[in-house]
J.: 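Sharing a structure, written as structure tokens. Questions coming.
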Amino acid sequence: MSPTGSIALTFDDGPDPVWTPRVLDALAASDARATFFVLAPLAVRHPEILRRARDEGHEVALHCNRHVRHDRMNAEEILSDATDGLRILGRLGHDTKAWRVPWGVVTPDTEAVAGELGLRLVGWTVDSEDWRGDPAAGMIGRLSPGIGAGAVVLMHDGVGPGASRDGCGETVGLVAPLVSMAAARGLKTAKICDLRGPLPVRNPGKVACV
Ligand SMILES: [Zn+2]
């Protein structure tokens, strides 16, 4: 796979017992690969979903242990949260170096902790804003200009604390047209760990991970 011909599909805030399996079904139907930035307590509750994700060729990576903005935590709390999250994921068999922090809020302390733990901070280049609950057709239109080589697409397979939707059905519905659009532009889907070159650390526009 050409490193310049890939996009990364990324999902935050799972695993969710209802929606993550449906996202996995959609990815399988489109023969696509994705990265899941998971909440450690949910990973403990639903380990079988993450085993399935890994077995089907996806990447399981760290979102957080507690879903708290880093500008509301000190360096010690950020270090402790990341360490706890990594330990929990490691115990479940998911060793990861990829870290997307809550709401994408990266502070100097975040960067110091990432350096200390050898973690690769991962932001995004395009945001589905799927937490609003918009129809998939609307989201695909909004994402279209940003779907090019190296795009990192933010979506959610769980309903976060600030979401204004009841479920992730429209996100499930977004997978097939997104993969088709990428394919029509000569792009494949790749896991974050398979992407070469610089990744977005800070994020465009407003903070949108909810
Ligand atoms: Zn989140």
Side-chain angles (χ1 to χ4, degrees), residues 8-24 27 34-47 49-50 53 58-73 77-89 92 94 96-107 109-111 113-114 117 119-134 139 143 151-172 174-175 191-192 199-210:
L9 306 181
T10 68
F11 297 90
D12 290 7
D13 293 351
D16 179 280
V18 172
W19 299 109
T20 307
R22 295 190 193 181
V23 168
L24 289 170
L27 290 166
T35 301
F36 292 85
F37 290 96
V38 304
L39 288 155
L42 295 181
V44 169
R45 217 175 299 166
H46 308 292
I49 298 176
L50 296 186
H58 307 295
E59 179 176 2
V60 174
L62 177 65
H63 194 30
C64 56
N65 191 36
R66 295 188 306 135
H67 202 277
V68 177
R69 294 169 58 108
H70 282 192
D71 56 2
R72 294 178 188 165
M73 291 204 278
E77 290 169 324
I78 293 170
L79 176 62
S80 154
D81 192 83
T83 305
D84 288 347
L86 289 173
R87 189 178 58 243
I88 290 166
L89 291 185
L92 295 171
H94 306 288
T96 182
K97 292 294 178 195
W99 187 23
R100 174 178 288 148
V101 299
W103 283 281
V105 176
V106 172
T107 69
D109 288 337
T110 312
E111 292 179 316
V113 168
L117 298 178
L119 293 173
R120 195 179 183 199
L121 286 165
V122 184
W124 57 85
T125 63
V126 276
D127 183 359
S128 66
E129 299 185 14
D130 56 352
W131 54 270
R132 292 181 194 279
D134 293 344
M139 290 193 279
L143 288 170
V152 177
V153 186
L154 172 63
M155 294 170 280
H156 299 83
D157 60 324
V159 180
S164 54
R165 61 177 180 171
D166 296 331
C168 306
E170 297 301 327
T171 301
V172 174
L174 185 57
V175 170
K191 297 183 283 189
I192 289 292
L199 286 170
V201 174
R202 298 179 184 281
N203 306 298
K206 61 188 182 313
V207 165
C209 175
V210 298

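Just follow the structure's listing: the first ligand is 1, and inside any ligand the first atom is 1.
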J.: Is the centre of the Trp99 ring less than 6.0 Å from the centre of the His63 ring?
T.: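 Not close enough - the centres of the two rings lie 6.0 Å or further apart.
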J.: So what does the His63 NE2 - the Zn ion (ligand 1) - Asp13 OD1 angle come to, to 10°?
T.: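 Vertex at the Zn ion (ligand 1): approximately 90°.
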J.: Taking NZ, NE, NH1 and NH2 as the nitrogens, is one of them in Asp130 or Arg165 under 4.0 Å from a carboxylate oxygen of the other?
T.: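 A salt bridge links Asp130 with Arg165.
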J.: Establish, yes or no, whether a centroid distance under 6.0 Å links the rings of Trp19 and His46.
T.: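 No, they do not, as the ring centres are separated by 6.0 Å or more.
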J.: Are the side chain of Thr35 and the backbone N or O of Lys191 linked by a donor-acceptor pair below 3.5 Å?
T.: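 No, Thr35 side chain to Lys191 backbone: no donor-acceptor pair under 3.5 Å.
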J.: Has His67 got an N/O/S atom less than 2.8 Å from the Zn ion (ligand 1)?
T.: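 Yes, within the cut-off.
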J.: Indicate if the distance from the Zn ion (ligand 1) to the nearest N, O or S atom of Cys64 falls below 2.8 Å.
T.: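 Here the distance criterion (N, O or S atom, under 2.8 Å) is not met by Cys64, so no.
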